[in-house]
Amino acid sequence: QVQLVQSGGGLVQAGESLRLSCEASGSTFGINAMGWFRQAPGKQRELVAIQSNNGQTTLGESARGRFAISRDIVKNTVYLQMNDLKVDDSAVYYCYVQRSTGLGLQSSWGQGTQVTVDS
């Protein structure tokens, strides 16, 4: 199993920036992608950004132009830099890891961190 520990988040004003971090530990062998999802009250969980080991990045529509994902593969850590935050970015942000195992692909989720953007 992979353990994920998230940090960052909190309350900010619209237009400000935040950086989220997520460190994976435990059974990290085979990790092939790390990223972020978010879920606002009453809404489905949605992709924010994900990056594979070869650097290929997929950004959710809400993240394009404002958010950036980066990884430290040696440290098994993924970061999400969020700029020009908007009220609609308020949500619980979840770290996500995909790992290849002998039984197939395994997904792991962080504990979630609240991001609140105040107007």
(message) I'd like to know whether Gln111 forms a side-chain contact (heavy atoms from CB on, under 4.5 Å) with Thr113, so could you lay out the CA-CA distance, the side-chain angles of the two residues, the decisive distance to 0.1 Å, and finally the verdict.
(response) CA-CA 7 Å; Gln111 79 275 20; Thr113 187; 5.8 Å; no
(message) Can you list, by chain and residue number, the hydrophobic cluster partners of Tyr93 when the side-chain cut-off is 4.5 Å?
(response) Val2, Leu4, Val12, Leu18, Leu20, Ile31, Met34, Trp36, Val48, Phe67, Ile69, Val78, Leu80, Met82, Leu85, Val97, Val115, Val117
(request) Quick one: list whatever passes side chain to side chain contact (heavy atoms under 4.5 Å, CB included) with Ser70, sequence neighbours left out. (result) Tyr79
(request) Sorted by first residue and then second, give each disulfide (SG to SG under 2.5 Å) pair with at least one member in residues 20-118; sequence neighbours left out. (result) Cys22-Cys95
(request) Let me see the working for Arg45 and Arg38 under side-chain contact (heavy atoms from CB on, under 4.5 Å), right down to the final yes or no. (result) CA-CA 5 Å; Arg45 191 171 295 189; Arg38 72 184 186 185; over 6 Å; no
(request) Would you give the length of the straight line joining atom CD1 of Ile50 to atom CG of Leu59, rounded to the nearest 0.5 angstrom? (result) 11.0 Å
(request) Supply the atom-to-atom distance Lys86 NZ to Arg66 CZ, rounded to the nearest 0.5 angstrom. (result) 5.0 Å
(request) Look up atom CD in Glu16 and atom CG in Asp118, then write down how far apart they are to the nearest 0.5 Å. (result) 9.5 Å
(request) Check Ser62 against Glu46 and note the closest heavy-atom contact, atom names and distance. (result) OG-OE2, 3.9 Å
Exercise answer: donor-acceptor pairs, residues 100-108 side-chain atoms, under 3.5 Å, sequence neighbours excluded:
{"from": "Ser100", "atom 1": "OG", "to": "Asn32", "atom 2": "ND2", "distance (Å)": "2.6"}
{"from": "Thr101", "atom 1": "OG1", "to": "Leu103", "atom 2": "N", "distance (Å)": "3.1"}
{"from": "Thr101", "atom 1": "OG1", "to": "Gly104", "atom 2": "N", "distance (Å)": "3.4"}
{"from": "Thr101", "atom 1": "OG1", "to": "Gly104", "atom 2": "O", "distance (Å)": "2.8"}
{"from": "Gln106", "atom 1": "OE1", "to": "Arg99", "atom 2": "NE", "distance (Å)": "3.1"}
{"from": "Gln106", "atom 1": "OE1", "to": "Arg99", "atom 2": "NH2", "distance (Å)": "3.1"}
{"from": "Ser107", "atom 1": "OG", "to": "Tyr96", "atom 2": "OH", "distance (Å)": "3.0"}

(request) Ignoring hydrogens and angles, tell me if any N or O in the side chain of Gln6 forms a donor-acceptor pair with the backbone of Gly112 under 3.5 Å. (result) yes
(request) Look up atom CD in Gln1 and atom OG1 in Thr28, then write down how far apart they are to the nearest 0.5 Å. (result) 13.0 Å
(request) Drop me the distance from Gln3's CD to Ser25's OG, to the nearest 0.5 angstrom. (result) 5.0 Å
(message) Within a 6.0 Å radius of atom CD on Gln13, are there more than 12 heavy atoms belonging to other residues, nucleotides or ligands?
(response) yes
(message) If you compare all heavy atoms of Ala14 against all heavy atoms of Ser119, which two are closest, and at what distance to 0.1 Å?
(response) CB-CA, 4.4 Å
(request) Only counting residues at least two apart or in another chain, list the ones meeting side chain to side chain contact (heavy atoms under 4.5 Å, CB included) with Ser17. (result) Gln81, Asn83
(request) Report whether Tyr94 and Val5 are members of the same hydrophobic cluster (ILVMFWY, side-chain heavy atoms less than 4.5 Å apart, transitive linking). (result) no
(message) According to side chain to side chain donor-acceptor pair (under 3.5 Å), does anything in residues 50-59 pair up with another residue at least two apart or in another chain? List the pairs.
(response) Gln51-Thr57, Ser52-Asn54, Asn53-Arg71
